[in-house]
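Below: the structure, in structure tokens.
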Amino acid sequence: MSLYDQMQETLGVVRARAPGFSPQVGIILGSGLGDFADTLEGRTVIPYAELPHFPHSSVPGHAGRLVLGTLGGASIVAMQGRVHAYEGYSNVQVAFPARVLCGLGIKTLVVTNAAGGIHPDCGPGDLMAITDHINLSGWNALTGPNDDRLGPRFPDMSHAYHPALTQLLGRVAQEQGVPLRRGVYVMSSGPSYETPAEIRMLRTLGADAVGMSTVPEVVAAAHMGVRVVGISCITNLAAGIGHHPLSHEEVAETAGRVRDVFIRLLAAFLPATTKA
Ligand code: HPA
């Protein structure tokens with residue numbers, strides 16, 4: 001079955017579960033950042049396991065549910081958890097849920113993740129607007145035959161992170177009193193964290209934060225012509241920058257610590273994107 005036909009099947013199930021609901025904004029909630037979805041009003045919740053072709057995660061902190069609801073007058077579809085290429089999925093499969101969100105007719109996709117801080121100014125607990133990315137995953141979400149119904153064979157990535165919406169995010173953050181940095185996100189394949197030598201290399205390459213996700217979904221959204229805004233939650237200093245070993249526990253703990261600020265920022269920003 002083609003990717004396009006798989007998407008139609010999944011979209012049919014989502015539409016049947018939330019009849020008449022047409023989301024304006026989609027959001028992918030990264031490691032430990034899923035609680036925002038619980039703040040949506042009039043929620044319809046669909047476990048990924050009930051969605052045909054939807055990959056589901058095995059990582060603690062990734063609940064794996066699609067949540068549809070409203071907030072501040074905006075209709076929103078949220079992914080509470082995502083899968084990663086390191087779980088054994090291809091980047092094509094990793095991007096599939098983002099394609100379903102785009103297929104629901106969203107105008108904006110907000111991607112979030114937990115990331116290690118490489119830039120000296122990026123410390124644990126900081127939020128960073130992603131201005132661009134470097135794909136070092138070794139793979140691309142568009143590998144394989146192109147379906148022209150979804151997008152072009154060679155999509156432009158010059159403005160993959162929508163500049164005006166990213167500026168809007170900065171203004172909203174300022175209004176909310178939320179400090180927000182800007183920087184370049186690099187995707188490494190994981191699941192081992194990077195070595196200190198790799199982090200020095202990534203710094204030289206121009207990366208400010210490193211993680212194991214996001215790039216496949218952004219490539220798919222760019223392919224489908226959907227505007228993207230990216231936010232990294234810096235959960236730890238990247239390898240060799242701090243003085244203690246990296247752990248998933250630290251990542252989860254820091255993500256939990258920024259929970260309220262993160263939710264406040266998203267609650268103000270997501271409705272604002274529908275007017276921009
Ligand atoms: N490296 C890669 N992925 C991550 C990190 C990191 O330091 N922190 C959170 N996700």
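Sequence positions, counted from 1, serve as the residue numbers for this chain. Every number for a ligand or one of its atoms is a count from 1 in the order of the listing.
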Look only at the side chain of Ser213 and the backbone of His84, and say whether a donor-acceptor pair between them is shorter than 3.5 Å. no
Matching residue for Ser232 among Thr112, Thr214, Asn113 - test: side chain to side chain donor-acceptor pair (under 3.5 Å): Asn113
Students should find that the hydrophobic cluster of Leu237, defined by side-chain heavy atoms under 4.5 Å apart, otherwise consists of Ile118, Ile134, Leu136, Val184, Val186, Ile199, Met201, Leu202, Leu205, Val210, Ile241
Do the side chain of Arg259 and the main chain of Gly32 share a donor and acceptor less than 3.5 angstrom apart? no
Would you mind writing out a table of all protein N or O atoms found under 3.5 Å from any N or O atom of ligand 1, naming both atoms and giving the distance to 0.1 Å?
unit_1: ligand 1; atom_1: 1 (N); unit_2: Glu194; atom_2: OE1; d: 2.8
unit_1: ligand 1; atom_1: 1 (N); unit_2: Glu194; atom_2: OE2; d: 3.4
unit_1: ligand 1; atom_1: 7 (O); unit_2: Asn236; atom_2: ND2; d: 2.9
unit_1: ligand 1; atom_1: 8 (N); unit_2: Gly116; atom_2: N; d: 3.3
unit_1: ligand 1; atom_1: 8 (N); unit_2: Asn236; atom_2: OD1; d: 2.7
unit_1: ligand 1; atom_1: 10 (N); unit_2: Ala114; atom_2: O; d: 3.4

Quick one: pull up CZ in Arg82 and OG in Ser31 and give me the separation to the nearest 0.5 Å. 7.5 Å
CA sep, side-chain torsions, deciding dist, call: Arg153, Asp148, salt bridge (charged side-chain N to carboxylate O under 4.0 Å, His left out): CA-CA 7 Å; Arg153 171 76 288 188; Asp148 295 338; over 6 Å; no
